[in-house]
Amino acid sequence: MLQRGAYGSVNFAANRSLFAVSAFAARANCFLSSRKKPLKIQQKTMSSRFIPSKRYDGVDRNVWIEFTTLAAECKAVNLGQGFPDFSPPEHIKQALADVAAVDSVATYQYTRGVGHPRLVKTMSKLFSPLFGIEIDALKDILITIGGYGALYASISAFIEHEDEVIIVEPFFDCYEPMVKIAGGIPKFIPLKPKSKESAGTSAGWTLDRDELEKMFNKNTKAIIINTPNNPLGKVYSREELELIAEMCIKYDCLCISDEVYEWLLFEDNKHVRIASLPGMWDRTLTIGSAGKTFSVTGWKLGWAIGPSQLIKHLQTVWQNSVYTCPTPLQEAVARGFETEMSRMGTDESYFKILPEQLQAKRDRMVQVLKDFGLKPIIPQGGYFLIADISSLNVDLSDSKDSGDAWDYRLVKWLTRNKKLATIPTTAFYCKEHRHLTEKYIRFCFCKEDETIEKMEKILKEWSKSM
Ligand code: IK2
């Protein structure tokens, strides 16, 4: 029996697999409605023993599923989830087309489980000088399904029952559930504006040395940082990373450094890899994403780079869970990196073109938000900015009993009533620290200029009616 899911997804009761809301679901609907014979109706039964593993207690809510679904349902202008609505560079599209056109077993079938040879070899050539160490293509890299896969492999390989893991806020939301599922205890420390004056740019949000040191103890196994940061856009300075490195070395901790926006820096900000600091290569796992690098988030290809003595344990997780990633995508990303290496430092380099484009989009969005009376925090890198929306006078009494944080209620209201989809920032903080951020929401600016214009139009219309 087929049932319509709550958000237009399709629920096959027979195998209970649930497909996400997407163009794919729309195609599935079309296929289903063209079916002539009704399907045989099966009796639905559920054994009382089928209760989910305790590991997954309390992690069933997901901000991307909730708000991407709502944006689609409301047909809102989507400044929510972080994906470009413009095309990726021609050469990466061509690379995949070329791979698909060749009649070759080598690209149709499984490739090396922990990373396609051409991709890891190319990455070792590209990244060795950037990390300041000879990266062994076969031992120091694991290719995964997106940055997500690399985070999952890193956390599950090393975090044990009751290990403490320091997470710097705001943090990409999956760190917390991944640590909890592994049995670890997340410990949160927020970046804070140094002063009221410095709060207007992401550079002004910093870690306090004493507060940071107090977080470490003999049970601390790892710290997770993210630079450039999602959602704040903070790019950690060398001095800030040196402080984190000092603590990691003093307390003998791992560092999981999420650098998926490594190429997206504005003005003269520089991306410093914490793994390149003295004493840090041997204790750092650096996470990357081809999706973010080449504006192909749907390809879901990522990696972890680190010393072989750490990466081999991530490889164990990978070979016992997913095993390998799609061969054609790995081959295309390898070719993409080869093209970019030949263009490095030139005006043709996508690593120069994309940040320049994004900086212009950021500036445009900042102006639109300021004109509307909000206070955006200017990001130094990445795809996102957060804006202080405490000046908004919206009646949210309808949702006051929902149990949701104020920003969740506001973002839902905005999506439904103004057709403008954004993301609540409390999703990037632990429950205890939500009060620090409830009056901010996140806007994604890796969007076509027309999309930002649509946002401007909505805000201007709204201004008139205020
Ligand atoms: N790490 C960070 C910091 C990310 O932002 C992401 C992807 N985020 O996209 C959703 C959003 O914030 O709107 C990842 C890891 C995961 O990367 P990938 O897409 O390669 O799995």
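- With hydrogens and angles left out, the side-chain atoms of Y261 and T227 include no donor and acceptor closer than 3.5 Å.
- Residues D388 and I377 form no side-chain contact, since every pair of their non-hydrogen atoms from C-beta on lies 4.5 Å or further apart.
- Under the 4.0 Å criterion applied to side-chain N and carboxylate O atoms, D449 and K361 are assigned as salt-bridge partners.
- Put simply, the side chain of R112 gets close to the backbone of L138: a donor and an acceptor are under 3.5 Å apart.
- Considering only heavy atoms from C-beta on, E73 stays 4.5 Å or farther from T415 through its side chain.
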Start with the C-alpha gap between L277 and V272, add the side-chain angles, then the distance that decides, and say whether side chain to side chain contact (heavy atoms under 4.5 Å, CB included) holds.
CA-CA 9 Å; L277 299 183; V272 179; 4.2 Å; yes
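- Taking a cutoff of 4.0 Å between a charged side-chain nitrogen and a carboxylate oxygen, E456 and K460 qualify as a salt bridge.
- With a 6.0 Å radius and a threshold of 12 heavy atoms from other residues, nucleotides or ligands, K300 has its NZ atom above the threshold.
- No side-chain donor from either of N226 and Y236 sits under 3.5 Å from a side-chain acceptor of the other.
- For F443, there are no ring pair (Phe, Tyr, Trp, His ring centres under 6.0 Å) partners, not counting sequence neighbours.
- For F171 and F188, the distance between ring centers is under 6.0 angstrom.
- Side chains of E259 and S257: a donor-acceptor N/O pair is present below 3.5 angstrom, by distance only.
- Judged purely by atom type and a 3.5 angstrom limit, T284 has no side-chain atom pairing as donor or acceptor with the backbone of T286.
- Here the CG atom belonging to L314 is positioned 4.0 Å from the OG atom belonging to S154, to the nearest 0.5 angstrom.
- Partners of W263 by ring pair (Phe, Tyr, Trp, His ring centres under 6.0 Å), not counting sequence neighbours, listed by chain and number: F351.
- Looking at heavy atoms from C-beta onward, P379 lies in side-chain contact with F445 at the 4.5 angstrom threshold.
- Taking a 6.0 Å sphere around NZ of K375, one finds it holds 12 or fewer heavy atoms contributed by other residues, nucleotides or ligands.
- Using a 4.5 Å cut-off on side-chain heavy atoms (C-beta onward), S104 and Y108 make no contact.
- Side-chain contact annotation: T437 with T425, donor-acceptor N/O pair under 3.5 Å present.
- Counting heavy atoms from C-beta outward, L151 and L285 have side chains that stay 4.5 Å or more apart.
- No donor-acceptor distance shorter than 3.5 angstrom exists from the side chain of E438 to the backbone of T426, with no hydrogens or angles considered.
- Residues L79 and K447 meet the side-chain proximity criterion, which asks for heavy atoms closer than 4.5 Å.
- Ring centroid separation for the pair W462 and W413 comes in under the 6.0 Å cut-off.
- Between E169 and C430, the closest side-chain pair of non-hydrogen atoms falls below 4.5 Å.
- With 3.5 Å as the limit, one finds no donor-acceptor pair spanning the side chains of S349 and R343.
- Taking the six-membered ring for Trp and the full ring otherwise, F428 and Y175 have centroids separated by 6.0 Å or more.
- Using a cutoff of 4.0 Å between basic side-chain nitrogens and carboxylate oxygens, K352 and D347 are scored as salt-bridged.
- Remark: E176 does not engage K431 in a salt bridge, criterion side-chain N to carboxylate O under 4.0 Å.
- A salt bridge does not link K121 with E338: none of the charged nitrogens is closer than 4.0 Å to a carboxylate oxygen.
- Other residues, nucleotides and ligands place no more than 12 heavy atoms under 6.0 Å from the NZ atom of K454.
- Applying the side chain to side chain donor-acceptor pair (under 3.5 Å) test to residues at least two apart or on different chains, the pairs with a partner in residues 76-98 are T68-Q81, D85-T451, E90-K93, H91-E340, Q94-D98.
- Salt-bridge formation is detected for the pair R335/E331: a Lys NZ or Arg NE/NH1/NH2 atom is positioned less than 4.0 Å from an Asp or Glu carboxylate oxygen.
- The cationic group of R273 lies under 6.0 Å from the six-membered ring centre of F131 and within 45° of the ring axis, placing it in a cation-pi geometry.
- Taking the six-membered ring wherever Trp is involved, the centroid distance between the rings of F294 and F337 falls below 6.0 Å.
- Ring geometry, W205 versus Y440: the interplanar angle exceeds 60°, so the pair is classed perpendicular (tilted spans 30 to 60°).
- The residues K412 and D404 are annotated as salt-bridged, a charged nitrogen and a carboxylate oxygen being separated by less than 4.0 angstrom.
- Two residues are said to be in side-chain contact when any heavy atoms from C-beta on lie closer than 4.5 Å; I143 and H116 fail this criterion.
- By the 6.0 Å and 45° rule, R442 stacks over the aromatic ring of F384.
- Across all non-hydrogen atoms, the minimal contact from A427 to Y408 is CB-OH, 3.6 Å.
- Under the 3.5 Å distance criterion, with hydrogens and angles disregarded, no donor-acceptor pair is assigned to the side chains of Q367 and D363.
- Side chains of S202 and Q380: a donor on one and an acceptor on the other come within 3.5 Å.
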